[in-house]
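Read through the structure below, which is laid out as structure tokens, and then see the notes.
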Amino acid sequence: MTQLELNGVIQRYGSHTVVDGVDFRLAPGQIACLLGPSGCGKTTLLRCIAGFEEIAGGEIRLHGEPVSRPGSRVAPEKRRIGMVFQDYALFPHLTVEQNVGFGLDRRQAEHNHLRVRQLLATVGLAGHGDKYPHELSGGQQQRVALARALAPRPALILLDEPFSNLDVGLRERLSVEVREILKREGSTAIMVTHDQNEAFAIADEIGLMHHGRIQQWDTPYNLYHRPANRFVADFIGQGVLLAGTVGDDNSVHMELGTLVSDTPVECSESCTGCDCGCAVDILLRPDDIVHDDASPVQAEVLHKAFRGADILYTLRLESGSEVLSLVPSHHNHALGEKIGIRLDADHVIAFKKHAACGNDPACEIRLEQQAAQQQPGRHT
Amino acid sequence: MTQLELNGVIQRYGSHTVVDGVDFRLAPGQIACLLGPSGCGKTTLLRCIAGFEEIAGGEIRLHGEPVSRPGSRVAPEKRRIGMVFQDYALFPHLTVEQNVGFGLDRRQAEHNHLRVRQLLATVGLAGHGDKYPHELSGGQQQRVALARALAPRPALILLDEPFSNLDVGLRERLSVEVREILKREGSTAIMVTHDQNEAFAIADEIGLMHHGRIQQWDTPYNLYHRPANRFVADFIGQGVLLAGTVGDDNSVHMELGTLVSDTPVECSESCTGCDCGCAVDILLRPDDIVHDDASPVQAEVLHKAFRGADILYTLRLESGSEVLSLVPSHHNHALGEKIGIRLDADHVIAFKKHAACGNDPACEIRLEQQAAQQQPGRHT
Amino acid sequence: MHLRANTSSPLLVVGVVVALLAGLPVASVGLNLFVGGTSETWSHLSQTVLPEYIANSLKLCLGVGLGVAVVGVATAWLTAMHDFPGRRFFEWALVLPLAVPAYVMAYVYTDFLQFVGPVQSALRAAFGWEFGDYWFPDIRTLPGAVLMFVCVLYPYVYLLARTAFLERASGMLEAARTLGMGPWRAFFAVSLPLARPAIVAGVALALMETLADYGTVAYFAVNTFTTGIYRAWFSLGDRVAAAQLAAMLLAFVLFLLMAERVSRGRARYHNTTGRNRPLAGARLRGAAALAAVGACALPLLLGFVLPALLLLKMALTEGDAQFGERFLVLSRNSFLLAGVTAACGVLIALLLAYGARLSKGAFAAGLNRLVGLGYAVPGAVIAVGVLIPVTRLDHWLAGQWAAWFGHNPGLLLTGGVAALIYAYLVRFLAVALHTVESSLAKITPSMDDAARSLGLGQGETLRRVHAPLLRGSLLTAGLLVFVDVMKELPATLVMRPFNFDTLATQAYTLASDERLAEASTAALAIVVVGLLPLILLSRQISAARRG
Amino acid sequence: QEKVLNLYSARHYQTDEALYADFTKQTGIKINRIEGKEDELLERIRNEGANSPADVLLTVDASRLAKARELGLFAPLSSPVLEKRIPAHLRTAEWASFSTRARVIVYNKARVQASDVQNYADLADPKLKGKFCSRSGSHPYNLSLLASVIAHEGEAKAEALARGMVANFARAPKGGDTDQIKAVAAGECGVAISNSYYVARLMRSTKPEDQKTMEQVGVVWPNQATTGTHINVSGGGVLKHAPNKEAAIKFLEYLASDSAQRYFADGNNEWPVVASVKVDNPALSKLGKFKADQLPVNSLAMYQVKAQMIFDRAGFK
Ligand SMILES: Nc1ncnc2c1ncn2[C@@H]1O[C@H](COP(=O)(O)OP(=O)(O)OP(=O)(O)O)[C@@H](O)[C@H]1O
Ligand SMILES: Nc1ncnc2c1ncn2[C@@H]1O[C@H](COP(=O)(O)OP(=O)(O)OP(=O)(O)O)[C@@H](O)[C@H]1O
Ligand SMILES: [Fe+3]
Ligand SMILES: [Mg+2]
Ligand SMILES: [Mg+2]
């Protein structure tokens with residue numbers, strides 16, 4: 001059975017299409033994350049599901065029942081969908097406790113009180129119940145919004161960047177606890193987040209959105225290791241695309257050397273029909289390139305970012321191409337220095353090159369997106 | 001010369017002391033980041049500096065001139081301090097362009113127009129100038145707030161989580177560009193962020209706040225590698241504290257083996273007078289513990305979080321202590337499995353144990369904080 | 001779970017029904033625009049007096065509009081955002097002029113300032129002047145009328161703007177200050193524009209009341225468009241022409257209101273920050289404090305203290321011989337009518353305003369503008385406009401009754417209190433509606449969504465979120481309607497039940513017999529009875545500021 | 001069932017209550033009344049139509065009575081008592097007058113000679129330039145005066161009169177009749193017109209300033225040599241759909257009774273329409289007998305619209 005089902009959902013503000021034919025399915029109890037660049041339509045999609053926005057095309061079903069169609073919809077309050085709003089939307093005239101208890105059945109005062117206190121404790125706000133929202137810090141407000149949405153145990157909960165204003169520790173603790181609460185109460189959830197680690201940690205499935213379309217709806221692992229297209233490859237994790245030529249079955253020849261993977265070269269969908277000799281772009285993650293003083297391939301340090309345990313180096317190859325490499329932070333090289341690197345990739349992700357684009361990656365992404373738009377529904 | 005100087009600044013809401021004796025100095029052109037758990041007083045500290053809050057003690061100086069003292073202060077608009085508010089505070093009755101141009105001298109229409117368009121392009125909102133704030137997504141609004149604060153080239157700019165609602169790519173690009181703009185225009189900046197990587201990348205100095213006090217004001221490197229106390233060690237990066245005993249000069253004996261560092265054991269300040277035989281806690285980062293099938297020390301996988309390139313394992317040692325280990329993601333072990341690990345730490349960070357605490361780390365942190373409060377000013 | 005058409009909402013349906021009911025009389029006046037009139041009346045009026053009337057009306061509007069905006073906004077700004085000696089007193093006292101009916105004010109000032117009045121007589125006695133020896137400003141002129149209207153109508157702007165300033169988002173003001181704007185410039189760049197819906201609503205109410213006024217302008221012989229309507233109707237006996245003129249007036253007001261709406265474009269006025277704290281008012285000292293006290297005291301003196309004292313003196317020296325038990329009955333009648341109407345009006349206004357907010361479309365908003373027009377129509381015209389549908393309904397009811405029970409019950413509604421309250425609502429709904437709408441515009445739309453996502457229906461959202469958030473405005477709206485009903489005359493006169501007098505009709509009876517001094521007792525009673533809720537509510541309103 | 005009479009009255013004299021109480025005492029019929037303005041009351045009666053509870057309409061202006069008749073609101077009035085007691089020119093087949101008031105000229109004894117203001121026409125005389133004061137031209141009192149002039153002398157003369165008055169204005173028309181009298185006394189105006197009962201009321205007033213006012217002014221009965229002083233009436237009729245027609249007739253007849261007539265005179269300083277009634281009102285006695293215009297009051301209504309148009313053209317605001 002599916003809890004939530006979107007079929008070709010389209011939403012427009014005036015003539016501007018913000019959600020452009022989204023379809024996916026969520027089974028009860030599943031937790032999905034929505035990723036995507038700012039302004040790509042994530043919030044709008046959540047608002048469509050919650051019932052706040054009219055849809056211009058497609059259909060949304062809850063438990064198999066249609067709840068939104070062009071021209072008609074079920075009222076938001078009838079959907080049993082909870083929501084944490086990006087701007088919190090706390091009620092300024094109510095205390096923290098009243099805010100959290102707002103959606104609870106008022107006849108069960110005793111029981112509600114317990115639930116509210118318990119949730120406040122979970123989000124680390126025990127003792128703040130009598131405050132008003134304006135007396136809280138940004139992160140505290142955000143946590144109240146989270147507790148408020150969880151309180152009525154909604155069947156489906158939409159979380160719009162619920163942890164964006166929390167520090168890492170709290171955010172990790174909370175995301176684990178929220179995941180536990182959701183799993184325990186059998187709630188289905190969709191969470192928008194900008195933190196990929198968070199998405200990886202919490203989500204059963206991740207949807208990556210761009211320009212109102214879902215680019216890939218997949219498991220965290222696949223999203224990272226088998227990106228459906230260049231945009232996904234570019235957006236998820238870090239990495240660069242480097243030109244190469246497919247050799248015999250398991251190898252790709254590149255400037256850095258030849259990559260040989262255990263399996264045949266995994267050409268991504270957009271590269272079906274990759275043959276020997278075919279020009280491709282290979283996705284290289286920072287951990288695919290290891291610093292090795294012994295390596296004959298030397299690269300110049302262009303930029304370095306301190307990452308705590310590691311330093312992320314941006315390196316320039318002879319050809320002028322740039323690659324990223326993650327190196328333990330005691331290998332502290334200066335800008336301009338040349339260091340040895342070698343390839344250490346397990347599996348190869350290749351995208352077929354468009355002849356028209358020369359060496360312009362932006363052009364490649366554009367062409368790919370255009371191709372995708374001509375085959376709607378392809379990406380699910 | 002110092003641009004900004006805080007001496008023992010205290011702020012209270014009613015009887016609740018939110019900022020509790022903060023002092024630091026910023027030279028012109030420097031960029032500092034404020035880190036700290038939600039509700040620790042970061043926003044309030046910025047508001048004190050901007051001149052919105054009266055301070056109950058200490059003093060704030062701009063360019064050597066006092067601007068805030070208990071009972072008197074210079075009006076916010078006279079300080080030439082820009083601010084990006086945590087909740088944006090955009091003007092709903094003005095378009096994006098009018099919002100951004102709000103603080104510019106109105107007599108220079110031509111020049112302003114240019115500046116506004118240029119900033120909008122920088123934050124990736126070219127073409128959105130005629131929209132109203134409510135027609136923008138959360139991240140877009142946040143970028144308008146950023147552009148608006150930058151527009152009048154303030155001498156000092158306070159950024160309260162300016163990138164919290166942006167995706168990683170945009171946030172990295174923007175933080176680099178903002179850093180460039182600030183450096184080019186010679187602006188001094190204080191930025192609150194929850195993203196430690198961002199802080200590490202952008203900041204010349206980082207201040208870590210807790211309970212209204214600055215725990216450590218230092219360079220990113222030192223903060224990570226030479227935490228001043230347990231709280232800092234715990235908050236910055238990931239890691240655990242593991243019991244050990246100081247051996248002869250350069251070694252510490254631990255369950256996992258003996259750590260030998262190149263230099264004498266770097267006992268953190270709270271451990272001055274660490275002697276041979278002294279009981280200490282050692283800070284172990286996830287990268288200090290390497291997975292090595294050949295190692296005799298085996299640990300059980302308790303929890304694993306997929307991190308893209310790596311998997312972060314939480315492991316249980318024989319003694320029941322837990323440690324973290326970052327392992328390349330192709331080493332995919334199941335929960336419950338036992339894997340071999342070994343220590344691989346460059347330098348040792350040790351905190352002297354309080355006898356009273358037994359094995360309770362929370363107790364240790366509490367005692368440390370109490371000790372710190374009895375010696376105000378000690379931590380700068 | 002039912003799929004429902006996007007456009008349908010139970011609340012919207014209720015709203016449309018109420019709007020139709022309230023709009024019916026206005027529409028029946030407006031429809032006359034399309035009925036062919038008697039050309040003789042038209043050509044006569046347009047050739048002789050109409051141009052002057054129109055000019056007078058426009059001048060009056062301009063003067064009153066500017067006057068109430070400046071006085072109302074200035075006093076609201078001073079009391080809401082500053083602290084100076086007496087601020088707490090002025091906070092509620094500045095509302096007091098509202099209780100004084102404009103026509104009473106006109107009588108009182110005329111009596112006080114006219115040639116034979118105490119001021120000029122004293123001057124003559126003191127300096128031995130005779131008629132013609134000296135110049136003295138004549139109150140019974142257009143500027144005088146402007147002064148009268150400004151004095152009694154500025155509280156509309158004051159109340160609405162003050163609520164807006166109190167609900168102000170301190171966060172947005174702070175943002176302005178980090179961008180280099182001092183309090184003064186921030187006021188013009190942020191506070192004032194954000195209070196625009198409230199200020200516009202206040203000014204619109206004042207202007208509509210000015211345009212619809214007949215008593216004051218007739219007494220001052222400042223002939224306005226309304227004079228023209230009455231002339232066509234009463235003196236020239238041409239009801240159709242009168243209704244057409246009224247419809248023109250409506251069209252003009254509607255045009256202004258719509259133009260203002262359109263000029264807002266897509267701008268919004270809601271709070272964009274989540275962490276607003278009540279700002280401590282800027283403390284004024286020395287000359288600034290003195291100026292603030294002066295600025296607040298002047299309108300209060302002119303609009304209330306002086307007229308109330310003059311009324312009191314008249315009432316004491318030559319007041320109504322019938323003062324006594326009878327006044328208790330009159331007061332009770334007035335109070336009940338005003339109270340019930342205020343409660344109904346606020347409730348309906350809340351439903352209508354919220355309905356329009358829900359539908360987001362132009363339809364509901366337009367409907368609300370139409371409903372609100374009753375306030376711009378001269379009282380007698382709207383009274384008749386109400387009579388027509390009510391009596392029709394009555395005839396129909398009587399017919400049904402006769403068909404079922406075999407005898408004619410007569411008129412059930414006409415001449416009843418219910419019909420009278422209906423008339424009041426038609427006339428004064430605008431007051432409540434504008435007030436509530438302007439405040440609703442300040443509530444962030446995400447409040448609605450948050451409540452609905454927590455399982456609250458539209459009605460309950462209104463009750464549990466908007467109503468409490470609007471508390472100050474709802475009280476303000478109720479207060480304004482209450483006081484307006486206390487003062488209302490034309491509809492009361494013609495629609496009231498038998499033997500049912502109110503303070504206003506009592507004052508009217510005496511005043512129309514040119515027994516002004518005696519009318520002062522009833523007029524004073526109106527002020528006193530109106531004062532009670534006024535003082536009570538305006539305290540509540542200051543208390544209802546939200547964080 | 002209790003006997004009642006439903007009265008719609010435009011009389012705005014608070015003291016009328018005593019009159020109604022007296023009627024109830026005499027007949028046992030209770031009076032339900034609403035008081036309002038003529039035109040609105042007419043609208044209400046019209047809209048109430050066949051179901052109207054109204055029995056009697058009383059007004060203070062002949063032209064409104066005529067208008068009610070025109071709208072077909074009145075029932076035919078046939079009462080021998082009324083026919084006997086009320087002079088023919090003061091009643092019609094549908095309604096009757098019960099009291100009259102005269103429009104008199106009031107002048108400042110110091111500034112104007114009584115001999116210069118003997119006729120309404122004199123008010124247009126350039127001699128009075130800058131001395132004439134009046135209430136608004138649209139007020140029924142002035143309209144009915146000008147209507148009577150039209151009836152007697154034609155529109156042209158009436159317009160000349162109106163223009164002459166406008167040329168003589170001391171100030172733009174404003175205020176009521178009492179205001180005019182006071183302004184004349186104070187010297188702001190030289191001459192004004194007023195309804196007689198306002199003059200009488202000031203004469204009877206015990207207030208010193210009113211007495212002083214009246215010392216300054218003289219009162220003239222205009223047009224004694226020609227058509228007679230203009231009078232308007234307060235009157236009424238029985239409504240077509242009156243549910244209590246009998247009581248209504250009784251009420252109108254009561255209004256023509258000696259006691260009621262005396263009441264109009266004593267209580268409100270009006271002149272009774274029944275010639276035989278003895279008046280005991282010092283002010284009215286002091287004003288003395290005068291020759292009243294015999295014009296059928298009906299015709300005042302005929303010319304009212306014309307009068308308004310003339311005033312408008314002449315700029316009599
Ligand atoms: N107006 C107020 N009245 C009372 N307490 C307040 C008020 N504003 C903030 N506080 C309290 O002061 C403390 C610090 O708040 P502040 O906003 O400075 O935190 P912060 O460090 O910015 O947190 P966050 O990261 O969540 O934004 C919080 O515990 C908060 O509850
Ligand atoms: N009311 C509106 N009118 C017109 N355009 C709008 C409106 N609301 C949003 N948009 C536009 O729709 C697009 C998608 O907005 P949405 O809020 O869904 O983005 P988002 O993916 O949530 O972004 P973010 O991560 O920045 O919050 C944006 O380009 C925005 O400008
Ligand atoms: Fe009169
Ligand atoms: Mg969003
Ligand atoms: Mg904060």
Side-chain angles (χ1 to χ4, degrees), chain A residues 14 46-47 50-55 59 62-63 65-94 98-106 131-138 140-142 145 148-149 151-152 154 157-158, chain C residues 1-12 166-171 174 266 270-279 358-361 442-472 543-547:
Chain A
L46 293 194
R47 292 177 56 81
F52 299 131
E53 301 286 343
E54 293 176 18
I55 61 176
E59 152 189 90
L62 270 177
H63 285 297
E65 305 266 326
V67 292
S68 282
R69 280 187 180 149
S72 63
R73 60 186 152 149
V74 171
E77 65 272 21
K78 303 245 168 74
R79 299 186 179 202
R80 282 199 65 212
I81 297 184
M83 184 153 179
V84 178
F85 293 83
Q86 199 167 2
D87 60 357
Y88 322 152
L90 298 182
F91 302 118
H93 61 298
L94 301 180
Q98 289 168 334
N99 263 287
V100 175
F102 192 85
L104 297 176
D105 186 344
R106 309 189 116 199
K131 290 195 175 171
Y132 281 89
H134 74 268
E135 295 170 327
L136 297 181
S137 79
Q140 289 167 338
Q141 287 182 31
Q142 192 164 39
R148 184 180 66 176
I157 186 165
L158 310 173
Chain C
M1 291 199 295
H2 291 291
L3 276 175
R4 227 187 255 279
N6 288 333
T7 44
S8 87
S9 130
L11 204 65
L12 199 61
L166 287 179
E167 285 168 0
R168 77 197 174 279
S170 60
E174 285 176 351
R266 300 175 346 263
H270 60 247
N271 194 352
T272 60
T273 54
R275 210 176 158 190
N276 295 295
R277 46 197 90 202
L279 276 184
L358 279 181
S359 85
K360 290 175 186 152
K442 307 212 75 179
I443 297 182
T444 325
S446 54
M447 290 293 108
D448 305 49
D449 297 342
R452 311 266 319 258
S453 78
L454 289 166
L456 266 65
Q458 294 171 348
E460 234 188 324
T461 303
L462 183 58
R463 195 170 59 77
R464 285 182 60 196
V465 178
H466 294 84
L469 282 176
L470 289 174
R471 195 169 141 236
R545 57 170 82 184
R546 72 182 154 101

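Numbers restart at 1 for each chain; the letters A, B, ... are given by sequence-line order, proteins then strands.
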Pick one of side chain, backbone, both or neither for [X], based on which atoms fall under 4.5 Å of a heavy atom in chain C.
X       : answer
Y132(A) : neither
A75(A)  : both
F102(A) : both

*asked:* Strictly distance-based, threshold 3.5 Å: is any side-chain N or O of T444(C) a donor or acceptor partner for the main-chain N or O of N271(C)?
replied: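 Confirmed, T444(C) side chain pairs with N271(C) backbone.
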*Does any N or O in the side chain of N99(A) come within less than 3.5 Å of the main-chain N or O of L94(A), such that one atom is a donor and the other an acceptor?*
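Looks like yes, one N/O pair under 3.5 Å.
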_Which one wins on heavy-atom pair count under 4.5 Å against chain C: E77(A), M83(A), R148(A), R47(A)?_
E77(A)
*Can you list the residues that meet the side-chain hydrogen bond (donor to acceptor under 3.5 Å, both in side chains) rule with S68(A), with sequence neighbours excluded?*
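Residues passing side-chain hydrogen bond (donor to acceptor under 3.5 Å, both in side chains) with S68(A): R79(A).
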*Check side-chain hydrogen bond (donor to acceptor under 3.5 Å, both in side chains) between R69(A) and all other residues, then give those that pass, not counting sequence neighbours.*
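With sequence neighbours excluded, R69(A) shows a side-chain hydrogen bond (donor to acceptor under 3.5 Å, both in side chains) to E59(A), given in chain and number order.
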